[in-house]
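We count ligands from 1, going down the list as the structure has it; atoms in each ligand are counted the same way. Predicted, not measured: the structure shown is a model, and the values here were computed from it. Only heavy atoms go into these numbers, but all of them, side chains included; no hydrogens, no water, no symmetry mates. We number each residue from 1, following the sequence as shown.
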Amino acid sequence: MAQISALPKHFLSDKVEHFTESVIREMTRQAMQYGAVNLAQGFPDFSAPEEIKRAAQEAIAADINQYAITWGAKSLRNAIAQKMQEWQGIEVDPEREVVVCCGSTEAMIATLLAVCNKGDEVVVFEPFYENYGPDSILSGARPRFVSLRPPASARDEWTFDAQELREAFQPQTKAIIVNTPNNPTGKVFTRKELELIRDLCVEYNVLAITDEIYEHILYDGTEHISIARLDGMKERTITINGLSKSYSVTGWRVGWAVAPAAITNAIRKVHDFLTVGAPAPLQEAGAAALNLPASYYRELAERYRTRRDHLIPALEKAGFRCYPPRGAYYVMTDISAFGYASDMEFAAYLVKDIGIACVPGSSFYKHPRDGAQQVRFAFCKKPETIDEAARRLEKLSRLSRYR
Ligand code: GLN
């Protein structure tokens, strides 16, 4: 049998040459291989809420086991519209402005496939969640990156330069991807920053594609603002969200896009031919999830705050410089104190010798050198998991002292 690497190049599409497999998912495989504590991929290792598990079981028992309407079960679309109205004051027509997809991952790529033409550009803040690069490439567009600069101290925030952002907007710019709260930095974009983005989108006639999957995971009194809520933005915004992070069900693969009717129609067409539909019984359970009381979200955020405040001191003690997040459940760190030439080398050492999986920083940058002294840790884990990581980190501080 021929090895995959020996296949003639003409069997492969040119597109796949331009990106690699996900490093985040690869680190999870390595964590399993080495029996490491997995602080790499962002998925909870604790139970999902009982009420929504029950709703899923009941939906299966009630035989909701065939295709849902391709663009989403009515109960879930209604719940999405109602929740956006209640939480963000955004009026959404569940019949014409919502597409339910297989996770926000599919919602993002279906959106880009629906709006991009060859030669279009998509503005992406960097460091970025690694899917956005391949998503843009697969949709024929070119990503153009704008730097988020690390905070100078724990009290400061990740920032961007307004002029650099303005310069990224070009005649060929089709869209900007905004992910707030942000993965991997934990930045929560302020109203002022979003207004600046809004002004540029209006001036250059550009779409905003906003990934709001971490909307309820907020710390230190920060507020989540959907960009669609700003004047002039509803008609040019695609808001992407899903069940995974708010309800701790990353394996259910239920997400959605909310957009003006004409854009929704285009996304629905792409989605239909990509996947037909998201899992029907889990969409019913999704409707139950979106109806959870406000106290549920407060408790979720508070639980993650305690995890953040548990992991960061352990990392700092071991020698990492941490950039404390204001939202989402990741902490970016600087690893210069350990004296490694690259993040990949350091992450390999950490997973094999120390028994902790993280994500090498370079996977969040276009040029690997920009992330060569950073790694990301996820803290959406049980307290025991973080305790175990903290114990293993002690070994790192002892070892690194003798390096
Ligand atoms: N968002 C998660 C992360 O950044 C993983 C998502 C995924 O692997 N699909 O780790």
Side-chain angles (χ1 to χ4, degrees), residues 19-32 36-46 48 101-112 124-136 138 148 158 177-188 209-218 240-257 274-275 278-279 282 300 304 307-308 311 323 325-333 343 347 350-351 356-365 371 374-381 385-386 389:
F19 57 90
T20 60
E21 264 191 52
S22 158
V23 177
I24 297 177
R25 268 79 85 191
E26 165 60 19
M27 289 313 294
T28 285
R29 290 191 289 271
Q30 288 198 20
M32 288 160 85
V37 177
N38 188 355
L39 303 188
Q41 196 177 12
F43 64 87
D45 68 349
F46 47 82
C101 293
C102 295
S104 61
T105 297
E106 194 219 339
M108 177 60 76
I109 191 151
T111 297
L112 286 164
V124 176
F125 289 101
E126 181 183 48
F128 50 83
Y129 173 50
E130 60 175 6
N131 283 34
Y132 304 149
D135 285 351
S136 309
L138 286 169
L148 289 176
W158 290 76
I177 297 179
V178 182
N179 171 215
T180 182
N182 184 259
N183 175 11
T185 64
K187 175 180 176 62
V188 177
I209 305 176
T210 117
D211 177 347
E212 305 188 5
I213 192 88
Y214 301 100
E215 69 171 325
H216 290 294
I217 305 175
L218 298 164
I240 292 176
N241 212 324
L243 296 181
S244 293
K245 314 293 185 179
S246 294
Y247 310 100
S248 309
V249 287
T250 61
W252 282 16
R253 311 315 300 135
V254 179
W256 52 86
L274 279 178
T275 62
L282 303 182
L300 180 80
Y304 282 134
R307 306 293 195 273
R308 175 193 70 169
L311 179 63
Y323 303 116
R326 306 290 178 222
Y329 47 46
Y330 308 101
V331 55
M332 278 293 256
T333 66
D343 58 320
L350 203 68
V351 70
I356 300 175
C358 64
V359 178
S362 55
S363 56
F364 305 106
Y365 291 88
Q374 293 178 350
V375 300
R376 186 198 79 174
F377 293 92
F379 53 84
C380 44
K381 306 292 167 182
T385 309
I386 296 186

Non-hydrogen atoms of Phe43 versus ligand 1: any pair closer than 4.0 Å?
no
Pair Gln374, Tyr365: side-chain N/O donor-acceptor within cut-off below 3.5 Å:
yes
Between Ile386 and Phe379 the two heavy atoms that sit nearest each other are CD1-O, 3.8 Å
Does an N or O anywhere in Thr105 fall below 3.5 Å from an N or O of ligand 1?
no
May I ask you to identify, for Met27, whether its side chain, its backbone, both or neither come under 4.0 Å of ligand 1 on a heavy-atom basis?
neither
Output the list of atoms in ligand 1 that are nearer than 4.0 Å to some heavy atom of Lys245, sorted by atom number.
1 (N), 2 (C)
Is it the side chain, the backbone, both or neither of Arg376 that has a heavy atom closer than 4.0 Å to ligand 1?
side chain
With a 4.0 Å heavy-atom cut-off (strictly under), which part of Arg25 contacts ligand 1: side chain, backbone, both or neither?
side chain
For atom 3 (C) of ligand 1, the closest protein heavy atom turns out to be Tyr330 OH, 3.2 Å
Region of Val359 that comes within reach of ligand 1 [heavy atoms, distance under 4.0 Å]
neither
Any N or O on Ile24 sitting closer than 3.5 Å to an N or O of ligand 1?
no
Mark the output for Glu130 as yes if a heavy-atom distance to ligand 1 is under 4.0 Å, and as no if none is.
no
Regarding Lys245 and the six-membered ring of Phe43, is the cationic atom NZ or CZ under 6.0 Å from the ring centre and inside 45° of its axis?
no
Distance to 0.1 Å, residue and atom name: give those for the protein heavy atom nearest to atom 6 (C) of ligand 1.
Tyr129 OH, 3.0 Å
Do any heavy atoms of Tyr214 fall under 4.0 Å from ligand 1?
yes
Regarding Tyr214 and Tyr304, is there a side-chain donor-to-acceptor distance under 3.5 Å anywhere?
no
